[in-house]
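Reading through the structure tokens given below for one structure.
Lettering of chains follows the sequences in order, A, B, ..., and the numbering in each one begins at 1.
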Protein chains: 2
Amino acid sequence: MTVWDRPEPPTRPVPLDRERIVAAAIALADEGGLEDVSLRKVAARLKAGPMRLYGYIATKEELFDLMVDEVQAEILPETQPGDWRETLRVLAHRTRQAVLRHEWLADLLGGRPTLGPNGLAVTEARLAALDGLADVDTVMRAAETVSAYTTGAIRREVANLRAERATGLSKSDWQRANGPHVTRMLATGRFPALEKAVHDATHVDAEESFEVGLDWVLDAVAAKLARP
Amino acid sequence: MTVWDRPEPPTRPVPLDRERIVAAAIALADEGGLEDVSLRKVAARLKAGPMRLYGYIATKEELFDLMVDEVQAEILPETQPGDWRETLRVLAHRTRQAVLRHEWLADLLGGRPTLGPNGLAVTEARLAALDGLADVDTVMRAAETVSAYTTGAIRREVANLRAERATGLSKSDWQRANGPHVTRMLATGRFPALEKAVHDATHVDAEESFEVGLDWVLDAVAAKLARP
DNA sequence: TATCGGAGCAATACAGTGTATCGACATGAG
DNA sequence: CTCATGTCGATACACTGTATTGCTCCGATA
């Protein structure tokens with residue numbers, strides 16, 4: 001019985017694990033957005049049948065949870081700076097940067113509690129930064145307030161960014177970017193304050209306005225920490 | 001040719017308009033969440049074929065936009081209170097209440113720019129409250145910061161609410177509500193600050209923590225308005 | 001070593017989705 | 001009365017998440 005007579009052994013399936021699955025899903029989402037992530041496509045990237053994934057995840061939502069947690073690892077800074085304020089600021093900025101790298105994150109952020117290891121680690125980092133500076137309740141309120149601002153601001157930024165991309169690519173001109181509709185609405189005179197704001201506001205880039213708002217919120221936190 | 005010989009005239013289709021379509025979609029979403037809203041089901045409620053809707057909307061996303069704008073009408077207060085701070089506070093609270101009435105709004109809030117008439121009106125109300133109290137840029141930053149906090153906080157609240165509902169119905173006990181997983185994670189000792197917070201924090205209801213965080217942010221705004 | 005149980009996997013199937021296409025038909029204009 | 005027009009419904013397509021089913025191979029047991 002020579003080699004030539006014996007058939008090749010059947011090709012063993014590519015080994016799989018959650019890490020590989022999540023990586024494939026993230027790659028897909030990075031390329032084409034969240035709606036491009038289908039279990040079939042993810043499986044195809046791994047040269048596997050769609051049903052194979054159900055050995056590792058029970059539902060597509062779970063895959064999303066894993067994706068979010070995976071990316072949250074990028075948020076944790078390698079070295080913790082000393083100041084509580086600096087720590088919170090860095091965490092917020094790194095969150096923003098992670099979302100800009102993975103825009104689909106904006107669709108998921110805040111949508112479910114982040115209970116994965118990295119999500120918990122981020123929460124821990126926020127709380128640790130404030131630990132001992134006030135009573136527990138104040139600390140929690142502070143952490144949650146900063147985090148609420150962060151996710152809210154980032155979401156709006158991405159929303160605007162997408163809208164700009166959708167309406168041609170005119171970036172600087174607000175009115176033109178939003179098409180004739182907004183212009184027409186403003187012309188009705190029913191939105192005088194908005195009209196003034198749109199007309200007179202100096203355009204600042206997104207990062208700076210994120211930063212400014214964040215600073216305000218941090219100021220508020222600082223004020224509350226001062227008086228326990 | 002008597003009446004009996006003549007066939008009935010063909011039943012004319014039920015007249016349709018965006019208002020009716022949006023109302024049907026909102027009703028569906030209120031009952032079963034956003035994912036229960038399918039063009040087929042919406043159309044069925046109106047005794048129409050699915051394709052009929054495409055005379056009024058070009059895409060499902062547009063339907064969502066219309067839904068959001070419709071519900072935003074509920075946010076505008078009937079009478080404007082005097083104080084800028086009170087105005088912003090009321091707007092935030094009414095936003096929260098609207099989301100609690102229509103939980104699906106949490107999935108959409110902040111996801112796209114709100115360019116509909118009611119959305120613009122809400123923005124206008126926010127800006128109008130601050131109008132003249134500082135330069136335009138500061139006013140915009142203030143409005144956006146408050147709104148970022150609001151949407152972020154509400155989203156987290158709804159996320160937690162859903163998670164609680166999903167894990168049995170134990171509401172007060174954080175650890176039990178989140179199942180053994182979080183308990184086990186905390187037991188690793190890798191999240192000391194989180195552990196302390198979970199253990200020692202006095203449970204305050206969602207509305208109160210929303211209110212407190214909001215007040216902090218409003219304090220921050222007040223401070224910036226003071227010095228132009 | 002032969003057999004068997006069980007696990008992992010692929011194929012198939014199903015109910016449902018958003019939307020393009022097209023043919024019929026009622027309606028208003030000439 | 002005829003004809004063009006535009007609206008509506010049916011059909012169709014490509015695709016989704018997931019349940020079910022049966023095969024096939026691996027390792028443990030007799």
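- The shortest distance between side-chain heavy atoms of B:L46 and B:L16 falls below 4.5 Å.
- Contacts between residues 30-38 of chain B and DNA chain C, defined by a heavy-atom separation below 4.0 Å, involve B:V37, B:S38, listed by number.
- Residue A:Y54 contributes atom OH, which lies 13 Å from atom P of D:dT20 at whole-angstrom precision.
- Rounding to whole angstrom units, NZ of residue B:K60 and P of C:dA20 are separated by 15 Å.
- A:V139 places none of its side-chain heavy atoms less than 4.5 Å from the side chain of B:K196.
- Atom-to-atom, CG of A:L28 to P of D:dG17 comes out at 11 Å; the value is rounded to the nearest Å.
- A straight line from CZ of A:R40 to C1' of C:dT17 spans 12 Å, rounded to a whole angstrom.
- For B:K60, the NZ atom sits in a packed shell: over 12 heavy atoms of surrounding residues, nucleotides or ligands are nearer than 6.0 Å.
- Separating the CD1 atom of B:I57 from the P atom of C:dA20 is a distance of 12 Å, rounded to the nearest angstrom.
- Put simply, the side chain of B:R141 never gets that close to the backbone of A:V212: no donor and acceptor are under 3.5 Å apart.
- Among the candidates B:R94, B:R101, B:Q97, the single residue satisfying the side chain to side chain donor-acceptor pair (under 3.5 Å) test with B:E74 is B:R101.
- As rounded to whole Å, 14 Å separates atom C1' of D:dT7 from atom CG of B:L53.
- Using cut-offs of 30° and 60° for the angle between ring planes, the B:Y149 and B:F210 rings count as parallel.
- The CE-C1' distance, from A:M51 to C:dC14, rounds to 11 Å in whole Å.
- The CZ atom of B:R52 sits 13 Å away from the C1' atom of C:dA26 (whole-angstrom rounding).
- Contact annotation for A:G55: no contact, since no heavy-atom pair falls under 4.0 Å across all strands.
- Distances shown here put every side-chain N or O of B:T59 at or beyond 4.0 Å from the OP1 or OP2 atom of C:dG18.
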